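Encoded as structure tokens, the structure appears first; notes follow it.
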Amino acid sequence: MKKIGFLSFGHWTPHPTSRTQSASDALLQSIELAVAAEELGADGAYYRVHHFARQLASPFPLLAAVGARTSRIEIGTGVIDMRYENPMYMAEDAGAADLIAGGRLQLGISRGSPEQVLDGWRYFGFEPGEGRTEADMARSHAEVFLQVIEGRGFAQPNPRPMFPNPPGLLRVEPHSPGLRERVWWGAGSNATARWAAEHGMNLMSSTLKDDESGKPFHVQQAEQIRAFRDAWKEAGHEREPRVSVSRSIFALVSDEDRAYFGGGGEESDQVGVIEQGTRSIFGRSYAAEPDVLVEQLAQDEAIAAADTLLLTVPNQLGVDYNAHVIEAILTHVAPQLGWR
């Protein structure tokens with residue numbers, strides 16, 4: 001395991017027990033947690049994107065703000081729903097945020113997950129073409145985005161521009177060199193993992209995937225990672241790809257930890273249907289004393305196969321507590337799993 005970061009959904013609710021009462025709280029606390037995580041030595045700050053929900057939604061202002069407040073930590077998404085995205089405008093936003101961050105963005109993109117509203121992408125002005133699905137539309141948007149951020153000119157310049165143009169065809173600006181190699185695809189199946197490899201994207205695998213064999217979640221996820229790496233090799237890409245997996249992991253080192261997470265209840269995989277016709281398997285959570293956690297996590301085949309581990313954090317418990325959660329893992333668990 002080379003890198004450890006956190007992944008926040010950015011939930012907020014005006015409930016008395018929540019320490020994240022508003023959208024403003026969620027955004028500002030997301031920035032503060034990234035600053036704290038960098039100070040603790042963590043490698044990444046990643047944020048989920050959900051539309052029409054009391055969660056983080058518009059990623060690029062947040063990524064830019066985190067980039068301006070930090071200097072080392074990787075900043076990413078897990079994941080941007082490409083059904084909603086104008087790939088040209090997204091290329092501008094991504095280029096700007098990456099330049100502000102000094103080339104630290106790690107953009108996770110994907111087809112997206114089940115939504116809060118029916119076909120929410122329609123409200124954003126998008127519609128799959130005739131005979132195509134919303135998943136096809138997401139992949140098409142992704143392919144355009146990947147082409148644009150490569151930085152090659154494609155647009156015919158106006159012969160009478162307002163400002164002088166460089167010679168040749170024009171590209172979307174601002175362009176951030178290297179961003180193309182820092183795009184990840186959130187794959188829910190072995191097939192989409194292979195598709196990501198063919199298109200030269202890193203692999204981001206979450207805490208759920210299609211149940212394709214009935215095997216334990218971590219075994220299926222490790223098989224997905226192997227399928228991705230095999231496809232990457234077959235595609236002939238020159239660089240080494242990266243692979244991340246997400247986990248809910250809590251080291252019980254204080255009475256507060258035990259009060260929140262010491263009761264158990266999610267210590268085995270769960271199987272269910274989140275979309276019609278697709279059986280999904282959800283990975284277990286881990287909560288135990290550090291020495292027990294080390295033993296448990298050492299048996300997780302997907303963590304062993306990945307180079308990056310993203311810790312999902314309960315953001316409504318506040319910045320201080322979530323910084324404690326991250327620090328406990330970095331201090332008491334990660335070094336014994338090969339981190340640094």
Side-chain angles (χ1 to χ4, degrees), residues 5-8 10 23-24 26-35 37-38 43-51 55-110 112 121 124-126 138 140-158 161-166 168-186 199-202 204 242:
F6 73 83
L7 173 62
S8 174
S24 176
L27 289 163
L28 296 174
Q29 290 176 19
S30 294
I31 298 168
E32 294 304 322
L33 184 58
V35 172
E38 180 172 80
D43 302 299
Y46 288 74
Y47 305 97
R48 192 72 169 88
V49 179
H50 276 123
H51 299 288
Q55 300 176 37
L56 297 174
S58 180
F60 292 106
L62 174 59
L63 296 174
V66 173
R69 287 284 307 278
T70 58
S71 61
R72 177 193 58 81
I73 198 168
E74 293 182 342
I75 308 162
T77 51
V79 291
I80 297 173
D81 188 334
M82 293 304 293
R83 295 173 294 183
Y84 286 77
E85 294 297 326
N86 177 321
M88 296 290 183
Y89 196 79
M90 179 176 170
E92 291 183 344
D93 280 351
D98 196 40
L99 291 170
I100 290 170
R104 289 181 285 132
L105 256 59
Q106 302 286 338
L107 284 183
I109 64 176
S110 189
W121 30 270
F124 278 56
F126 298 110
S140 177
H141 287 180
E143 288 169 344
V144 173
F145 174 70
L146 293 174
Q147 291 171 1
V148 171
I149 63 173
E150 286 178 352
R152 292 193 294 267
F154 61 89
Q156 189 68 40
N158 186 339
M162 182 178 295
F163 306 104
N165 282 322
L169 299 176
L170 302 183
R171 67 188 183 188
V172 165
E173 301 286 0
H175 169 67
S176 185
L179 178 59
R180 173 62 178 84
E181 295 186 355
R182 288 178 275 112
V183 178
W184 308 57
W185 185 260
H199 285 75
M201 289 183 282
N202 302 307
M204 187 170 281
R242 288 183 60 184

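Only this structure's heavy atoms are used, side chains among them; waters, hydrogens and symmetry mates stay out. This one's a predicted model, so the numbers in the text were calculated from it and none came from an experiment.
Scanning both residues, Phe126 and Arg83, for their nearest heavy atoms gives CD1-O, 3.6 Å. Of all non-hydrogen atoms in Gly151 and Arg171, the two that sit nearest each other are O-CD, 3.0 Å. Of all non-hydrogen atoms in Arg48 and Val79, the two that sit nearest each other are NH1-O, 3.3 Å. Minimum interatomic distance between His175 and Ile149 (heavy atoms only, all atoms of both residues): CE1-O, 3.1 Å. In this structure, Leu105 and Ala101 approach most closely via the heavy-atom pair CD1-CB, 4.0 Å. Nearest heavy atom pair, residue Glu38 against residue Arg104, reads OE2-NH1, 4.3 Å.
The side-chain heavy atoms of Arg182 and Glu74, taken from C-beta on, include no pair separated by under 4.5 Å. Using a 4.5 Å heavy-atom threshold, the side chains of Leu27 and Tyr47 count as separate. The shortest side-chain heavy-atom distance between Ser30 and Leu56 falls under the 4.5 Å cut-off. Between Arg72 and Asp43, some side-chain heavy-atom pair lies under the 4.5 Å cut-off.
The pair Arg69-Glu32 meets the salt-bridge criterion, with a side-chain N (NZ, NE, NH1 or NH2) lying under 4.0 Å from an Asp/Glu carboxylate O.
The line from CD of Glu181 to CD of Glu150 is 10.0 Å long, rounded to the nearest 0.5 Å. To the nearest 0.5 Å, the span separating CD1 on Ile109 from CD on Glu85 amounts to 9.5 Å. We find the CG-OG distance between Leu33 and Ser8 to be 7.0 Å, quoted to the nearest 0.5 Å. Separation of atoms CD1 (Ile80) and OG (Ser110) is listed at 11.0 Å; rounding is to 0.5 Å. Residue Gln156 holds its CD atom at 5.5 Å from CG of Leu169, rounded to the nearest 0.5 Å. Taking CE of Met82 as the start and CZ of Phe145 as the end, the distance is 6.5 Å to the nearest 0.5 Å.
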Stepwise side chain to side chain contact (heavy atoms under 4.5 Å, CB included) test for His50 and Asp81: CA-CA 8 Å; His50 276 123; Asp81 188 334; over 6 Å; no
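By the 6.0 Å contact criterion, CZ on Arg152 is open, its count of non-hydrogen atoms from other residues, nucleotides or ligands being 12 or less. Crowding of Phe124 atom CZ: a count of heavy atoms from other residues, nucleotides or ligands under 6.0 Å exceeding 12.
Across Asp93, Ile100, Thr77, a single residue satisfies side chain to side chain contact (heavy atoms under 4.5 Å, CB included) together with Leu63, and that is Thr77.
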